[in-house]
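Written below as structure tokens is the structure these notes are about.
Treat the numbers as computed from the prediction; the structure is a model and nothing was measured. Letters A, B, ... are given to chains in the order of the sequence lines, protein chains preceding strands, and every chain is numbered from 1.
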Amino acid sequence: MASLSDRLLALRGRSPAPPPGAALQLTVAAASLEEVRLAANAGADWINFTQRSLCFDRRLRQADPWIHECDAAMGIAHRAGARIAIAFAARYGTPELPRVAQAAARLADAGADALIASDIGTLDLIRHERPGLALHVSPQASATNGEAVALYATELGATRVAIPTSLPLARLRHLLASPPAELELFGHGSYGAMLEGQCALSSWITGASVGRDGACSPARVIREHRGPRTVISRLNGVLIDARPADVRGSLPAACRGRFRIGRSSSYLFGIHRPESLAEILPSLISSKAVAFRVVPTGGGAERQRRLLRAWRAAIDACLADPASFALDPAWRRAFDEDGDLLPCSASTTGHR
Amino acid sequence: MSAADIRLCLAPIAFPWDRDRVLAFYEDAASWPVDIVCLGETVCPKRSPLAAREWLDLARRLESAGREVVFSSPPGLETPGELHLMTLLADGGHFAVEANDVGLFPRLKGRVPIVAGPHLHVFNAATLRTLIRWGAYRWVAPYEIDAATLAELAAGLPSCLETEAFVFGAMPLAYSPRCFTAARRGRTRKECGHACLDSPAGESVQSLEGEDLFVQDGKQTLSGRPVSLLADLDAVAASGAGVLRFQPIARGTGEVLRAARDSLDGKLPGALAQAAAEAVLPGGSANGFWHGGAGMERVVASLWPARRP
């Protein structure tokens, strides 16, 4: 007899999540219970859950709300038949490691399907704390070549390695030729311009970086002044954008700023337009065990729902019949709709 | 370790200097008080000023002049060829390799002396233990490390792992698989026409208010203001760094190295060493990271001394 979650899934008209290792999976990044719910309902195979305290506060006491939030997220994911990976997405200091190990053990006991980390020491620690628990390497680990992927797999026991967001497509194909572990590719979302785990632009201006603090360009140092005609954004006092009030801005982050070289000014690091790899799905179906990470760029539950459902539909269509796969115009609208929240159409030479 | 035992290291040249300039620079370096020289193109494999054979010839010359030579890798290596080049430069384990990409460890481990590079961004002892297991004999602290964190990490280290810390020069802040210099000219990375070579000092990136923020150079973004910890060298040494790292600058690298050596040997007060650095850095310098703040800040050391172990 089918389990309850299988029957619920059947009611929603989609097949259960493919078995582990099956090709082409949908991974959705979520940073709140609401986003976990959206991802689960849209049929994500994996949900990558980033809980604030694990990356930012790091006090991680056993009575803290982080435990309840992770438990709730795991419940939502599992009831929908999705698997959930919980992120330790920072470079922790030595004094924080015992608490990280405790938290990892607690999450494994509570049913986390995998844990995510980028730091070599953190990966090693989790592996020793919970041998056998699936371990995912985050894009911040900068695995840009096959030998790095192999190292994470063999030396640190990683079962899945996420490839940095901004790696060009030609290089992806290189990696996909013979992946030594499951690969997770960036499928859709807003780009980081730099190799994620190594960027210190934010800490140069603000003292806070993704690697050390779990967040770059933190909200507490952002000031936005809205005048009748212009909007001005400052990061720790440094002017990073000035634009007409009727033009939408992007996130006020160091790499998203408008800067000047010589006499011309531009969004130097460009690429604020979310891109989708959906178009090339068929060429990836033959690759072994590939997951796509979709990172909704915000803009309301309804848009996120449409975006995630479009991705689910595209992957299912591709799995069912790769030979005649074509992007449905409605899916493309959902991808683009997520994109039009961000202002800059200036895309640099990158992924393509 | 006393300050006089501290060794000085020249970081690889971060900018796209041409072949003659690179060779002339290292010829000058023979007369500078520098103990370790890092060689290699660390930004883009397409713009290396020297061929592998020439790098090796240069390395042998520096070695016979009594310098320890290390070949530094770029971060984010992409092709097997880029990884293989580092094996080639190691020359059968004769020269050390500074790995800034974890993908290098399997091929170098046990065959080549390995320095764990600054772009591995090590911030805890568990990572250092793993890197020792993978064959590292020295690690370079991340450029954004602060005094307290460096002291805490260096204090727990076994003697087989040396600590190196960045103290001077334009600080590489970020690398991208994309080339922004080519993109600004509407070119692809593949057909870049070596656009970066037009700007051997990179291009200065300012805020719309004219504040120097970054220096853009191809796939690399550096700090818009050079870093100088020349006033704090004793404190950096006391934090457990046995090797201090200096980034080559356009003019005056030798003067800065001499001031640093004199300061460590007790012949020049820190304030005067810093003055020597400022003399070759007309735009001023920053030291914010060392004092636990934003990198671009200049903290007046006498008002806010670095925490010592």
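- Heavy-atom distances place the side chain of B:E211, and not its backbone, under 4.5 Å from chain A.
- Looking at B:L83, the atoms closer than 4.5 Å to chain A (heavy atoms on both sides) all sit in the side chain, from C-beta outward.
- Note on ring orientation: taking the six-membered ring where Trp is involved, the planes of B:W134 and B:F105 are tilted (angle from 30° to 60°).
- Rounding to the nearest 0.5 angstrom, the gap separating the CD atom in B:E41 from the CG atom in B:L89 is 11.5 Å.
- Between the side chain of A:S202 and the main chain of A:S217, a donor-acceptor pair closer than 3.5 Å is present.
- Ranked by non-hydrogen atom pairs under 4.5 Å with chain A, the options B:P177, B:P75, B:A286, B:A174 are led by B:P177.
- Residue B:E144 touches chain A through its side chain alone, counting heavy-atom pairs closer than 4.5 Å.
- Taking chain B as the reference chain and counting heavy-atom pairs below 4.5 Å, the highest number among A:G121, A:G146, A:G207, A:A242 is found for A:G121.
- In this structure, the portion of B:L131 lying under 4.5 Å from any heavy atom of chain A is its side chain and not its backbone.
- With chain A as the partner, the residue from B:E82, B:R133, B:K219 showing the most heavy-atom pairs under 4.5 Å is B:R133.
- Contact tally against chain A (heavy-atom pairs below 4.5 Å) for B:L120, B:V205, B:L208: the top residue is B:L208.
- A salt bridge is defined here as a Lys NZ or Arg NE, NH1 or NH2 lying under 4.0 Å from an Asp or Glu carboxylate O, and B:E98 with B:R138 fails to meet this definition.
- Residue contact with chain B, scored on non-hydrogen atoms closer than 4.5 Å, is absent for A:E96.
- For the residue pair B:S285 and B:R225, no side-chain donor N or O sits within less than 3.5 Å of a side-chain acceptor on the partner.
- For B:L128, no part sits under 4.5 Å from any heavy atom of chain A, backbone or side chain.
- Counting heavy-atom pairs under 4.5 Å between each of A:S142, A:S203, A:S265, A:G262 and chain B puts A:S203 at the top.
- Heavy atoms closer than 4.5 Å to chain B are found in both the backbone and the side chain of A:R258.
- Residue contact with chain A, scored on non-hydrogen atoms closer than 4.5 Å, is absent for B:R129.
- Looking at B:V227, the atoms closer than 4.5 Å to chain A (heavy atoms on both sides) all sit in the side chain, from C-beta outward.
- Using a 4.5 Å cut-off between heavy atoms, B:T130 contacts chain A through its side chain alone, with no backbone atom that close.
- Note: A:L156 leads A:L156, A:V149, A:V221, A:N236 in heavy-atom pairs under 4.5 Å with chain B.
- Within 6.0 Å of NZ on B:K190 lie no more than 12 heavy atoms contributed by other residues, nucleotides or ligands.
- For the set B:P172, B:G76, B:P106, the count of heavy-atom pairs under 4.5 angstrom toward chain A peaks at B:G76.
- Ranked by heavy-atom pairs under 4.5 Å with chain A, the list B:M171, B:Q216, B:Q206, B:H119 is led by B:Q206.
- Contact count versus chain B (heavy atoms, under 4.5 Å) is highest, among A:L125, A:T154, A:T206, A:L201, for A:L201.
- Atom CZ of A:R91 and atom CG of A:D119 lie 6.0 Å apart (nearest 0.5 Å).
- In this structure, A:R226 pairs ionically with A:E224, as a charged nitrogen and a carboxylate oxygen lie closer than 4.0 Å.
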Would you check, one step at a time, whether the test salt bridge (Lys or Arg N to Asp or Glu O under 4.0 Å) holds for B:R189 with B:E78?
-> CA-CA 13 Å; B:R189 202 178 74 157; B:E78 292 178 10; 2.9 Å; yes

Test side chain to side chain contact (heavy atoms under 4.5 Å, CB included) on B:R107 and A:E147 and set out the steps.
-> CA-CA 9 Å; B:R107 61 163 60 222; A:E147 291 176 44; 2.8 Å; yes

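- Between B:F123 and B:H121, the ring planes lie tilted relative to each other; the angle falls in the 30° to 60° range.
- Of the atoms belonging to A:I261, heavy atoms from both backbone and side chain fall under 4.5 Å from chain B.
- Between chain A and the residues B:G224, B:P80, B:A294, the most heavy-atom pairs under 4.5 angstrom are made by B:A294.
- In this structure, chain A has heavy atoms under 4.5 Å from both the backbone and the side chain of B:E209.
- Side-chain N/O atoms of A:D241 and A:Y267 include a donor and acceptor closer than 3.5 Å.
- Considering only heavy atoms from C-beta on, B:L173 stays 4.5 Å or farther from B:Y143 through its side chain.
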